[in-house]
Amino acid sequence: MEGVGQLFGSLLESDDSLLDVFLNNLDEHQSFWTDPQNDLDAIFTRIGTLLAGSRTRDRGLKILIHLLSGCPLDLVEDKAQFYMTLCLKVLDQRGPAQTMPLVYKLLQQLIHRSLASNDLHKLFVSNLPKLLESVGSKLPPAVVPSALAFLELAMQHYAGACGPMKTRIETYLYSLVDSTNPVIIQSTAKCLLLLQQIRGGGQHGSLHKRTWEEYYRKLVDTIHHLLNQIFAHTPETFDEEEDLECLKLPPMANTTTLKNPIRKAQLLAVRAVNLIACLDQAIVGAYPVAKPIVPFKALNLVLRGLSVSCEAMGKNPLAENIAFGTFLPSIHYGLLEVLDGLVLALGTNMLMYGDAICEIFPKLLRATQTNRRDSSEGTRKSFARLRKKTYESIQLWCEKMRYGSTIEMVNEPLLEQIVWDFTPYESEVTLKMGASGNKRLSSRAKRKLQKEQNAATALNQNHSSGGGMAERKEQLLDAGNESLCQTALDCLSVILQSAGCFIKPVTHKLLEEKIVPLCFSLVSNHQQFGLYSDAKVRVALLRAFAALIVNPHHHCPPPLQYASYIFNTLQTTDSSTVVRAVAAELARTIELVVHPWKETLYFPADKSAIKDALANKDKHPLAMSIPVKQTVPSRMETNGQVHFDSDALDAVGTSLAAPRDNSSPKKPENNTPTNGAGTATEDAACESEGEINESLAVTEASDDSIMEAESEQPAEPEATGWVEHVSISSLDDTVKAKSNEIITIPDKGDGDYDEGVIYCSEDDDDGKPEDPAVVSIMDSDEEQGVKSNVADDDDVVVVSTEVELQNAKNRLKRDTVTSQALDDVTTNGGSPKKAKLSPDSCNGTGKAKNIDDIVNEMVAEFVDEP
């Protein structure tokens with residue numbers, strides 16, 4: 001949307017409520033910076049005019065803070081010096097209390113933008129000490145949160161520039177440890193942790209590690225010192241810590257104030273809670289190096305603080321002791337936060353302290369459990385916040401330690417407390433029986449007795465007050481206990497997932513007897529009010545029921561007969577959409593438990609269908625989309641019989657058996673046949689077992705065609721000896737160039753060999769060929785009798801000494817394949833190709849595989865059959 005910048009003129013004169021609405025809408029549209037009609041320089045000039053006036057400064061600061069995050073960086077760099085000067089002026093003059101927070105927010109925006117600008121970075125480094133001088137004890141309480149936020153950001157990104165101000169910052173932060181504002185305490189804890197790394201880190205961060213370790217040790221000792229004063233009149237099972245090295249904190253108050261027991265308890269307890277929060281932040285907060293945490297030091301503090309209960313402190317009825325007892329739940333809450341921090345930071349390294357940690361949970365829950373309510377109505381339970389935090393700590397411990405949590409050692413006392421927290425309050429019904437005996441009463445006396453019995457019956461009282469009154473009364477039951485009930489049920493689910501199989505069968509049975517009736521009460525709408533009126537509590541109950549089913553004991557079967565009915569019913573009848581969605585999810589989960597997948601439900605694939613699909617896979621569109629040129633094998637003669645190269649023969653046999661289309665047989669990695677795989681006997685066997693069983697006629701080519709073929713061939717170098725080294729790549733190229741030609745070297749001697757025939761035979765053990773006129777192609781990796789001074793591993797072609805190369809060229813003959821075989825080959829669109837006969841293609845027996853055998857092997861492998 002264009003023209004937004006034109007509204008700024010009237011906006012600057014409007015009231016604050018309209019200004020906030022317009023700025024929020026501006027963030028939603030995000031069209032202010034891309035509108036060419038907006039003159040940004042003119043707009044920021046108007047904002048600068050507002051900043052210059054004391055009356056309009058707050059309005060200008062609000063607009064600038066809102067626009068600075070999306071403003072172009074070059075514009076910020078141009079105006080940054082003016083903004084920095086304005087901020088220093090306001091802070092030095094201790095401007096109005098409502099203006100200083102806006103100034104600190106503006107400085108935070110400038111720090112974020114300076115991370116991408118060298119000019120702004122230099123500007124902050126030079127002005128940061130002056131800005132930090134304004135952060136001190138003289139700040140108004142309303143300005144402290146924004147000042148701490150700016151200080152945290154400055155120490156995080158400009159730690160070196162804050163180094164000279166470390167002592168001043170530390171003194172100011174220590175003065176805030178007695179604050180009762182949670183926001184200030186959280187910011188103070190973060191700043192104290194960042195304060196340990198504003199100086200140089202040394203080699204490999206050794207200085208950072210040393211400063212953190214010193215801060216950690218002093219924090220623990222200071223808290224121990226405070227606990228010594230809080231538990232001064234209470235017997236402890238832990239020894240009192242001595243030789244403590246504490247932080248240099250300011251004194252709490254004068255002696256007169258400390259004489260008041262309530263005031264003294266408040267000061268000591270608040271400081272202890274705040275320092276515990278600092279310890280928790282020191283453990284889990286971000287730090288530039290690995291923290292050398294000593295877990296036992298902090299864990300010993302946690303166990304000591306949690307070992308003292310309010311009941312123990314109440315046994316000594318001193319006013320100071322009772323006053324300390326009122327703050328004890330807050331101290332316990334903070335110590336549980338520290339325990340959670342240790343578990344999060346150290347993970348399974350805390351398993352060595354697992355027994356001590358698990359024992360403290362039931363003790364803390366028993367100490368916070370009050371007696372059963374004697375009143376006629378349910379009331380909010382005592383220590384609900386601390387009990388909820390205890391359940392959360394148990395849940396975190398079980399989630400991190402899983403089956404190694406050892407929570408099963410204390411499962412029964414824990415489950416007792418959990419059941420007590422998720423069981424709703426039930427009104428008691430009192431029935432009184434009248435006097436019985438032989439004494440006969442008159443009708444008037446009987447009516448009077450009956451009236452008295454009805455009046456004394458609680459059930460009659462509830463109904464006589466009317467339905468609306470009864471419903472309102474039931475809604476008051478367990479008011480305020482919903483969150484505690486939800487947390488207890490969540491903790492139960494996690495305990496069952498972590499140690500469900502280790503819990504005794506009788507405990508499982510008792511849990512079922514408690515949870516199943518509650519779930520049925522949801523189905524019958526009896527618990528749509530009271531403790532389970534909240535949808536989140538009902539969801540927690542259903543998840544606990546599902547955890548009880550999924551994590552059973554092998555001697556105690558889960559109540560599956562009720563689960564499906566409950567979940568299927570609630571997914572359509574509950575009033576909450578969240579409960580219905582969770583019930584539907586759990587119904588699908590329970591369905592897999594009731595009807596698990598078995599082998600009887602697995603239908604094996606049709607073997608014949610897979611065989612046909614594999615045989616006709618070349619017709620698939622994916623295979624036809626990648627055309628590959630097919631080749632036909634080269635032909636050779638042996639003793640007057642024509643045969644092909646072995647690997648090429650297998651490829652052609654497969655292609656002939658398959659449907660005739662653009663198939664692409666797989667090419668071998670090299671074209672060198674191995675010795676012993678290309679003999680006449682093996683070739684004949686492959687021909688007899690393969691798909692090509694036809695007799696191949698040999699015709700003699702005309703001299704003209706021979707001369708044309710010779711003219712197409714590149715000129716061969718003159719042979720200087722009878723052993724010629726030929727690379728297999730050049731031999732392959734020659735074979736591809738002469739598609740259907742084979743060079744035959746005739747024999748001029750009087751031997752038994754036919755003229756114009758190439759003889760391929762294996763070598764004897766002594767390395768000599770069996771026949772004098774043999775062309776033998778040998779693999780370079782095998783040990784042969786032929787000796788040559790070859791630098792590489794190229795194949796060697798050995799030609800008989802009785803063969804004259806020149807006469808061989810003049811007497812070349814070309815043999816062609818018969819028309820039927822040639823038609824079969826050319827139909828497949830292939831060209832001659834030289835391949836080798838691999839043992840895999842002949843099943844290791846020298847015989848070529850049939851296409852049916854190959855397909856059967858592939859099918860058997862697919863359906864996992866031998």
Side-chain angles (χ1 to χ4, degrees), residues 365-366 368-392 394-395 414-429 458-459 461-463 465 467-496 510-548 559 562-563 566-567 569-571 573-583 586:
L365 289 174
R366 279 197 299 265
T368 56
Q369 181 183 11
T370 55
N371 294 330
R372 274 293 180 181
R373 295 157 293 191
D374 298 330
S375 60
S376 59
E377 294 182 2
T379 58
R380 188 174 182 270
K381 297 180 180 179
S382 304
F383 306 104
R385 178 171 172 263
L386 181 57
R387 291 178 68 86
K388 181 179 177 181
K389 180 59 187 174
T390 305
Y391 288 136
E392 292 175 353
I394 297 172
Q395 184 176 350
L414 284 180
L415 294 177
E416 179 184 355
Q417 299 294 325
I418 292 173
V419 170
W420 186 74
D421 281 330
F422 72 70
T423 301
Y425 175 79
E426 296 179 358
S427 301
E428 295 181 356
V429 178
L459 180 62
Q461 291 177 1
N462 290 337
H463 286 283
S465 60
M469 180 63 70
E471 184 177 353
R472 286 193 298 271
K473 223 177 163 186
E474 289 293 338
Q475 288 177 354
L476 297 176
L477 300 181
D478 292 305
N481 296 327
E482 293 85 2
S483 60
L484 178 60
C485 176
Q486 177 188 349
T487 309
L489 289 170
D490 292 338
C491 182
L492 174 62
S493 301
V494 176
I495 290 177
L496 291 173
L510 293 174
L511 286 175
E512 294 173 7
E513 293 177 355
K514 288 289 184 179
I515 293 179
V516 172
L518 288 176
C519 293
F520 269 109
S521 67
L522 300 183
V523 174
S524 58
N525 295 325
H526 289 169
Q527 283 294 341
Q528 297 297 323
F529 45 83
L531 187 60
Y532 290 90
S533 59
D534 190 356
K536 296 180 180 179
V537 185
R538 299 202 295 273
V539 167
L541 177 62
L542 295 181
R543 292 197 180 278
F545 185 32
L548 189 64
Y562 307 121
I566 291 173
F567 293 141
T569 304
L570 288 178
Q571 68 177 329
T573 60
D574 197 272
S575 60
S576 173
T577 57
V578 178
V579 177
R580 293 199 299 268
V582 173
L586 297 177

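Note that the structure is predicted; figures quoted are calculated from it, not measured. Below, all heavy atoms of this structure are taken into account, side chains as well, without hydrogens, waters or symmetry copies.
- With contacts defined as side-chain heavy-atom distances shorter than 4.5 Å, the pair Cys491/Thr390 does not qualify.
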For a side chain to side chain contact (heavy atoms under 4.5 Å, CB included) check, start with the C-alpha distance between Leu484 and Tyr391, then their side-chain angles and the critical distance, and finish with the verdict. CA-CA 9 Å; Leu484 178 60; Tyr391 288 136; 3.9 Å; yes

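- Of the possible polar contacts, one joining the Glu482 side chain to the Gly480 backbone as a donor-acceptor pair under 3.5 Å is found.
- Judged by distance alone, the side chain of Arg387 and the main-chain N or O of Leu365 form a donor-acceptor pair under 3.5 Å.
- A donor-acceptor contact shorter than 3.5 Å is absent between the side chain of Arg580 and the backbone of Leu570.
- Residues passing the ring-ring contact (aromatic ring centres under 6.0 Å, His included) test with Phe422: none are found, sequence neighbours excluded.
- Among Lys514, Glu512, Arg543, the one residue that satisfies the side-chain contact (heavy atoms from CB on, under 4.5 Å) test with Leu548 is Glu512.
- Within the 4.5 Å cutoff, the side chain of Val494 has no heavy atoms near those of the Asp490 side chain.
- Remark: Lys388 engages no residue in a salt bridge (charged side-chain N to carboxylate O under 4.0 Å, His left out) (not counting sequence neighbours).
- The residue from Ile515, Val516, Val523 that alone fulfils the side-chain contact (heavy atoms from CB on, under 4.5 Å) condition with Cys519 is Ile515.
- No side-chain donor-acceptor contact under 3.5 Å links Asn481 to the backbone of Leu531.
- In this structure, the side chains of Val419 and Leu511 come closer than 4.5 Å at one or more pairs of heavy atoms.
- The two residues Val537 and Leu489 make their nearest non-hydrogen contact at O-CD1, 3.9 Å.
- Ile495 places a side-chain heavy atom less than 4.5 Å from the side chain of Ile418.
- With a 4.5 Å cut-off on side-chain heavy atoms, Cys485 and Lys381 do not count as touching.
- Minimum interatomic distance between Ala546 and Leu586 (heavy atoms only, all atoms of both residues): CB-CD2, 3.7 Å.
- The shortest heavy-atom contact between Asp421 and Ala488 is CB-CB, 3.9 Å.
- Closest approach of Ala535 and Ser576 over heavy atoms only: CB-OG, 3.4 Å.
- Nearest heavy-atom pair, Ala583 versus Leu542, reported as atom, atom and distance to 0.1 Å: CB-CD1, 4.3 Å.
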